[in-house]
Every structure is written in structure tokens, then in C-alpha cells.
Amino acid sequence: MADTNLAVIILAAGEGTRMRSAKPKVLHELAGRPLIGHVLSAAESLEPAHVVLVVRHQRERVEAAARELLPQIEIAVQSDVPGTGSAAEAGLALLDDDFVGDVLITSGDVPLLDGDALDKFVSQHRASGAAASVLTAQYADPSGYGRIVRSAAGDIEAIVEHRDATDDQLLIDEVNSGTYVFQANDLRQSLTGIGTDNAQNEKYLTDAIADLVAQGRPVSAQIIDDPVLVEGVNDRVQLSALATELNHRILAKWQRAGVTIQDTASTWIDVTVELGQDVTLLPGTLLQGTTVVQDEATIGPDTTLVDTEVGFGAEVVRTHALSARIGEHANVGPFAYLRPGTVLGADGKIGTFVETKNVTIGQGAKLPHLSYAGDAEIGEGSNIGAGTIFANYDGVHKHRSVVGPQVRTGAHNVFVAPVHIGAGVYSGAGTIIRKDVPAGALAITKAPQVNNEGWVIEHRAGSVSAEAAEAQHNTAEQ
Ligand code: UD1
Ligand code: MG
């Protein structure tokens, strides 16, 4: 249900220097989405009145990616003043002055904090009656994070950054997650008074908490039960650690939903993938993008499927597939490469060392060995001989070929597109089909075979082949 009293501000203007990357930090990916994609999807699930993204560093790239992920995103640009407080100020400025609701602030670099956790945090804040709330976590190793300083009575007093902390404060294991709820007007007021007198010479959003406390306003700190959710990505070590963590959570979700996963260490599934019941995933399987696998299909080992649909009970072994559709009970691989536009019918087969692109293969049709099929249609029940090439490219244009139903072609054929092969056609081995073949015909390329008797013995005298040939002649003469 829409929450008209809520605005979400996502901070993503920082440089992310510790990533050492030409790419903005929030565009680095895990589980098939950039960091910012996870945060936007969590924010969107709250159905707030506004989702504001604060950008600055490489703003065009971040803005473009965010708009693609969430078209209704509102973009604010941070001023020259560095720091999360300055970023929050820019986000707030984008909201109308008459927006007086709750402002949920979170970071673009905390990707595991999902909609459920944010929803719980906002609800608890509203139930607490506090002026502001900060979401905290307890870590065995809190280094790098801002520490939550509490009074003897346990009330939050301030948040102190690692670099500004005293030795005693560094021992505090409760850290700031970088996620807060403020009342819009309180935050507007607190931020105007905050300076940059700290180790980083930045305007810290965390100082707004200390400001409210100084005003005698109640501030609540809520400790999250699942601290991994608020871990931030500051460098690539943390990125891969969180990617692994998120992947294990995704795998566990599918295992509980009835998917068999033999090796959780080598299986990677994007958040956007859908799997049916009794699907089996063998080691080395990567399922990416909008891939959907129906019930009882088996994928792997060593298979990557991107934006690919796999039908009921199909088997896909050691395959790389991009934007392909594999029909029910079909068989693919081992060692197949399915490129975009490949559609394999039910019970069909794309076999070993076969590459396909933009091809529709009918029900029960087979392309079993060492072939390339591009820009073509292969009719129901047809069998394409080993080593066949659909020659679809004339050097300038691509052309389409059509093979009718129940065709049987010999080994090592070339179909020079555009060509139409009628229903039930047979072709001989090594046939080069350059013109249409009518239904029921046998197509054959007759280049007469010439045997030059004795050629090897004469022209390669003394070679192993010549000796073998002589030996056979001698045996035959005896
Ligand atoms: C911040 C918090 C720290 C907390 C940690 C949690 C402050 C001062 N510190 O530290 O208490 O434990 O997050 O992960 O807030 N950003 C901007 N503009 C800036 C600087 C940062 O938009 O000028 C954005 C970044 O893009 C990022 C987020 O704010 O998404 C956090 O910035 P980062 O530099 O990672 O802050 P931390 O040092 O991690
Ligand atoms: Mg950070």
C-alpha cells in the first residue's frame, strides 16, 4: 500500500575511492544487479511518495543506470561540500517544503538491506515515538564503521566515525548502518547547523543525531537481528564477500522451494531468476538475468544461462546460452553454444559442438553434432547431419533458410542461404545446397571422385604411407 508519508533518500554521490575503479561504486554488480539496483528495489517495495537518489561523482552514469532501473526516480545533485550530511541536504532540497513526513535515508552501497528489513525499521520507528531512529548492528570486527555511543542509561548520544573515535570508542562493537529515519523538518533544521570539523573535513549526516540528542529529542537506535544485511561495500573484498553471502541466501531460498543444488559453492543464481520444483542444478551452473527453468529440468554441470527459458524436464549439459528458449524434454549439449533467438522445440536436440543463432528448431528435430545453424527454421522431426553449416552470411547481408519437416540430411552439408528445403527431403553426404529442394527429393552434389592409382607410392616414395601402401599391395599379391 502506498505510504504517502514517507520519502526515501538514497546517498550515492561518494567517489568510492576504495573500489579503485573507473566505474562508479554503486554500479558494481552482485547477483545480477548493480549495488544501486538492490537498494532501489528495496526502496520501491515500501511504495513511498518519493524515492530520491543523490548523485555527484560520475553523475551521468549513475543517473542513467538508476533511471533504467526505476523510471520514477528523482535525482538530486550534491553540492561541493563533501560528506553524507551534505548529500542528505541535497536530497531533502528536492522534496517540497510542505513535505513534512518521515524521511528514510539509506546508502547506495548497502545492497543486502531488503524491503522487509526497511519496512520493519520504519514501522518500529513509528511505533517508538522517537524523533529519529538509526539502524545499528553489532559486529565482532567493527573497524571502519561509525560507532554508536550510548549513555550509561543506554540511550544513544552520538555516532562517532572510526577516524574520529577515541581508543575507548573504538572498542564499541555497535555500529551505524548508515540507515536512518528523520522527520523532514527536524532534519532540515539539524543539517543547517552542522560543520565539517572532523578528520575527513566532511559534513557528517551522523552529526544530525547528536544535534537532536542535544536538543533533548528522543532518538532510538534499533539493533538489526541479521547484521549481515547492513554490511556496506567499500572495496572489492567486501563486494565479493557480500556477493557470496547474497548468493547463498538465494540458493537456500530455492532449495527450500524444492530445487536440488549439488554444490552451493560453484552455483550462482541472480535475484531475477525463476526456478520450478524438482529442478536439479549441477556444479558450475550460473543462472543469470531473466532466466526461467521449469519443473524437473536438469542444468549443468558447467553451464551458463543468460535470459534463457528452459522447459519442463529438459536437460542442458555444459552449455552457454544467451536469450534462448529450450522446449520441454529437449536435450542440449554437452558443449553447445546457443546465441540469441535460438528456439528449440519440445523433445528437440542441440548436441555437441553445435552453435545456433536466430534459429527455430521444431518439435523433435535434431542438430546433434558439430554444426552451425544461423537465421534458419528447421521443421518438426528433421535430423540435420553431423558437421552441417547453415551459410547465412554473404559477406554483406544475412539470409534465412528454411528446412521443412521430417527432413534427413547427410553429413557435412552446406546450406547456402537463402534456400528452401521441402518436407521429407533427403540429402547425400557433403552436399552443398545452393538452390531450393522440392519436397521428397534427394539432393546430392555429384563431384566425381578420381582415384589416381599408385600416386603415393610414386610421389611420396619412402614415406610411411608409401610403405604401408606397398605392404598392402604385397599382401594382396600373395
Ligand atoms: C558511513 C557513516 C558511518 C557508517 C557507514 C555505514 C557517515 C559520516 N558515516 O561511513 O557512520 O558506519 O556509512 O556503511 O555518514 N556519500 C555521498 N556523498 C558524500 C559521501 C558519501 O553521497 O559526500 C554516499 C556514498 O556514495 C555512500 C554513502 O554515502 O553510498 C556512504 O558513504 P561512505 O563514504 O561509504 O561512508 P562510510 O565511510 O562508509
Ligand atoms: Mg560506506
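Every number for a ligand or one of its atoms is a count from 1 in the order of the listing.
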Measuring from [X]:[atom1] to [Y]:[atom2], what's the distance to the nearest 0.5 Å?
X	Y	atom1	atom2	answer
His50	Asp96	NE2	CG	6.5 Å
His369	Ile350	NE2	CD1	13.5 Å
Lys398	Asn358	NZ	CG	8.5 Å
Tyr180	Leu135	OH	CG	10.0 Å

Should we count CG of Asp173 as having more than 12 external heavy atoms under 6.0 Å?
yes
Do any N or O atoms from the side chain of Glu315 and from the backbone of Gly333 form a donor-acceptor pair under 3.5 angstrom?
no
Quick check: does any side chain N or O of Ser128 sit under 3.5 Å from a backbone N or O of Arg126, one acting as donor and the other as acceptor?
no
Can you tell me how the ring of Phe335 sits relative to the ring of Phe353, calling it parallel under 30°, perpendicular over 60° and tilted otherwise?
parallel
Give the protein residues with at least one non-hydrogen atom closer than 4.0 Å to an atom of ligand 1, ordered by chain and number.
Leu11, Ala12, Ala13, Gly14, Arg18, Lys25, Gln78, Pro82, Gly83, Thr84, Ala87, Ser107, Gly108, Asp109, Tyr145, Gly146, Glu161, Asn176, Ser177, Tyr204, Thr206, Asn234
Under 2.8 Å from the Mg ion (ligand 2) - protein N/O/S, by chain and number:
Asp109 OD2, Asn234 OD1
Any side-chain donor-acceptor pair under 3.5 Å between Ser220 and Ser133?
yes
